[in-house]
Number of protein chains: 2
Amino acid sequence: MATIRDVARKAGVSVATVSRALNDKGYVHEDTRKAINEAIKELNYKPNEVARSLYKKKSRLIGLLLPDIRNPFFPELARGVEDIMQESGYRLIIGNADEKPEKENDYIQTFIQNNVIGIISASHTEKKHYKHLTCPVVFLDRTSEPFPSVFADGYSGGKMAVREIIRRGSKRITLLRGPIEVKTAQDRFKGALDELCRANVDFNVMTMASFAYHDASKCAKEIFEKFPDTDGVIASNDIAAAAILHEAIRKGKLIPNDLQIIGFDDIPLSGLLFPPLSTIKQPAYEMGREAAKLLIKLINNEPIQNQMIQMPVTFIERQTTRKVEENG
Amino acid sequence: MATIRDVARKAGVSVATVSRALNDKGYVHEDTRKAINEAIKELNYKPNEVARSLYKKKSRLIGLLLPDIRNPFFPELARGVEDIMQESGYRLIIGNADEKPEKENDYIQTFIQNNVIGIISASHTEKKHYKHLTCPVVFLDRTSEPFPSVFADGYSGGKMAVREIIRRGSKRITLLRGPIEVKTAQDRFKGALDELCRANVDFNVMTMASFAYHDASKCAKEIFEKFPDTDGVIASNDIAAAAILHEAIRKGKLIPNDLQIIGFDDIPLSGLLFPPLSTIKQPAYEMGREAAKLLIKLINNEPIQNQMIQMPVTFIERQTTRKVEENG
């Protein structure tokens with residue numbers, strides 16, 4: 001592979017001049033720059049990013065911290081981040097923190113040791129991990145003042161789910177509450193709770209230990225034991241909704257006539273469930289893109305108009321809710 | 001943050017000595033080493049990985065190339081790789097190549113520019129991209145002689161799916177063929193085809209353009225138009241199986257009585273579909289772990305007993321196939 005020395009020799013200049021030209025530091029004559037660029041092209045020279053990173057004190061690496069890539073919501077976020085970063089020539093180091101403070105901190109330390117120029121975190125267990133960082137940080141699907149953040153309007157989403165299930169006829173609603181430590185799950189829970197309190201319906205609340213599949217399945221069984229007359233479930237996410245749908249059909253319930261279900265997220269498989277799941281959609285891929293754009297602006301010291309970007313949620317009507325014409 | 005200079009001052013030695021100790025190069029007296037380690041601990045000094053990487057010509061970074069993290073099979077692979085790498089102190093740069101040669105090559109170049117010490121690739125569009133690499137490469141869920149590889153026994157999986165669906169009573173089988181360019185999809189296709197040819201049943205073959213959701217849905221509609229008397233579908237993966245299951249139920253077919261379906265992969269949601277999907281399981285998470293272990297051995301020049309690791313597949317009996325007692 002060609003080295004910086006080969007480029008210097010071919011262009012008839014010193015290595016220091018090539019280095020100045022590559023790093024945009026100090027004066028390089030226009031003709032010299034041209035000769036260097038031609039030599040680079042001809043020799044197919046690839047500058048070593050690590051050396052550049054040390055010299056410029058800047059890399060092209062971004063740290064992306066996720067809770068768990070296996071939860072199908074996060075690959076959408078990650079792909080949105082990556083597509084924008086790739087277009088702009090940045091690369092991602094990815095870590096899964098599993099909502100564990102030590103793992104989160106461990107990844108943040110490695111990001112720093114690898115000279116990342118920015119961090120996007122969809123994991124937030126402890127504020128102190130982010131406090132003393134010198135590179136910009138954007139939270140994604142999480143908020144933590146005063147850090148910039150991209151998140152969906154979960155509170156409105158929770159209200160929306162309740163309004164939709166009530167106007168479609170549910171009267172005894174079970175509201176699933178996501179894990180206490182996940183703030184976005186609590187936002188949608190609070191929105192739903194406020195709306196339920198305003199409405200004239202009975203309701204139960206059931207808290208999930210985690211968003212993992214096995215917890216969702218366990219929770220689904222419990223609902224029908226504890227609250228057998230439930231006729232509407234507002235699930236804390238689509239995985240939980242899928243587990244409840246599954247259990248309800250196993251018990252011989254007709255969906256949506258005996259039981260309506262509304263999920264949250266709109267993960268790719270929600271439309272492939274049977275019946276296809278009605279849900280509150282978070283624009284995950286778009287959220288990832290917005291977070292990446294915001295971080296790039298921060299890295300480049302560009303002016304930021306809004307550093308708390310709240311993305312709208314929408315009700316996706318499929319077949320686990322009744323048609324409004326029939327009941328509304 | 002503490003620097004190497006602070007460590008040297010505290011330990012009462014030169015910066016060069018600290019550097020020798022940190023990088024295990026050259027002689028450092030035992031007592032000196034002790035004093036340095038104490039100073040590092042007290043000052044909470046974190047060596048800069050980028051500087052170390054330049055000095056030692058070695059980083060702790062691994063490149064992981066995937067086709068698309070949004071396909072729910074790949075997060076499992078990625079998580080397996082990451083968990084082993086994390087235990088061993090390595091970090092992942094991740095890229096999605098979308099089965100596109102330019103994108104694949106672009107990521108490989110960035111990996112090199114960031115001094116990765118190894119690459120795991122679950123994307124393989126062109127052999128030439130990997131030919132001249134100086135760091136070790138392990139293929140995952142792909143094979144490419146003479147490179148080391150970890151992959152599932154797709155050929156046996158295809159045979160297994162056909163045997164299971166036939167002994168459960170299907171007589172007019174539709175076999176879905178995955179995208180031509182994905183070698184692992186072709187292995188399972190060939191296995192199924194060989195077994196179908198040996199058996200005394202009618203069958204049709206239908207090729208999918210991609211593993212994407214919308215292609216799977218389109219394909220599902222076509223099957224029931226073109227081959228309305230199909231009583232068994234061997235799907236090319238679980239996403240395709242979910243789409244077919246969905247379409248079959250929409251058309252009022254009883255599963256498994258009118259139609260049996262067997263998927264491939266066993267992605268986490270397969271058990272949450274209704275009815276839960278019978279499928280051929282690839283041990284994705286374990287495959288990721290094995291690939292990571294193999295790469296670490298290669299990086300450390302440890303002896304390798306087997307550099308083509310074929311992982312076994314298993315039939316997961318759920319409810320889209322009949323019980324054998326009833327029909328066997």
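By convention in this document, chain letters (A, B, ...) are assigned in the order of the sequence lines, proteins followed by strands, and residues within each chain are numbered from 1.
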Note to self: Closer than 3.5 angstrom, by distance alone: can the side chain of A/E82 be matched with the main-chain N or O of B/N96 as a donor-acceptor pair?
What the structure shows: yes
Next item on the list: Using a cut-off of under 4.5 Å on heavy-atom pairs, state which of B/I249, B/L273, B/L269 scores highest against chain A.
Entry: B/I249
Item checked: Contacting region of A/L61 [heavy-atom separation from chain B under 4.5 Å] -> side chain
Margin query: Please give me the minimum heavy-atom distance between A/F274 and B/R250, naming the atom from each residue.
Written below: CE1-N, 4.0 Å
Checklist line | Distance (rounded to the nearest 0.5 Å) between A/R70 CZ and B/I69 CD1 | finding: 11.5 Å
Check: Step by step, would you call B/I94 with A/L92 a side chain to side chain contact (heavy atoms under 4.5 Å, CB included)?
Finding: CA-CA 6 Å; B/I94 295 193; A/L92 294 180; 5.8 Å; no
Check: With only heavy atoms counted, which part of A/D68 is less than 4.5 Å from chain B, the side chain, the backbone, both or neither?
Finding: both
Next item on the list: Report yes or no: is the cationic atom of A/R91 (NZ for Lys, CZ for Arg) under 6.0 Å from the centre of the six-membered ring of B/Y107, at an angle within 45° of the ring normal?
Entry: yes
Check: Any idea which of B/E76, B/R79, B/E247 has the most non-hydrogen atom pairs under 4.5 angstrom with chain A?
Finding: B/R79
Next item on the list: Pick one of side chain, backbone, both or neither for B/L64, based on which atoms fall under 4.5 Å of a heavy atom in chain A.
Entry: neither
Checklist line | Where A/H246 and B/P276 come nearest, the two heavy atoms and their spacing | finding: NE2-CG, 3.1 Å
Check: Which answer fits A/I239, side chain, backbone, both or neither, if we ask what part of it has an atom under 4.5 Å from a heavy atom of chain B?
Finding: both
Next item on the list: Under 4.5 Å heavy-atom distance to chain A, tell me which part of B/F74 shows up: side chain, backbone, both or neither.
Entry: neither
Checklist line | Winner by heavy-atom pair count (cut-off under 4.5 Å) against chain A, out of B/G89, B/G95, B/P72 | finding: B/G95
Note to self: How long is the straight-line distance from CG of A/D238 back to CG of B/L272, given to the nearest 0.5 Å?
What the structure shows: 11.5 Å
Next item on the list: Answer with side chain, backbone, both or neither: which region of A/T134 has an atom nearer than 4.5 Å to a non-hydrogen atom of chain B?
Entry: neither
Checklist line | B/D106-A/Q86 side chain donor-acceptor pair, cut-off 3.5 Å | finding: yes
Check: Taking A/L245, A/D98, A/I267 one by one, which has the highest count of heavy-atom pairs under 4.5 Å against chain B?
Finding: A/D98
Margin query: Under a 4.5 Å cutoff for heavy-atom pairs, which residue among B/A243, B/A242, B/P268 has the most contacts with chain A?
Written below: B/P268
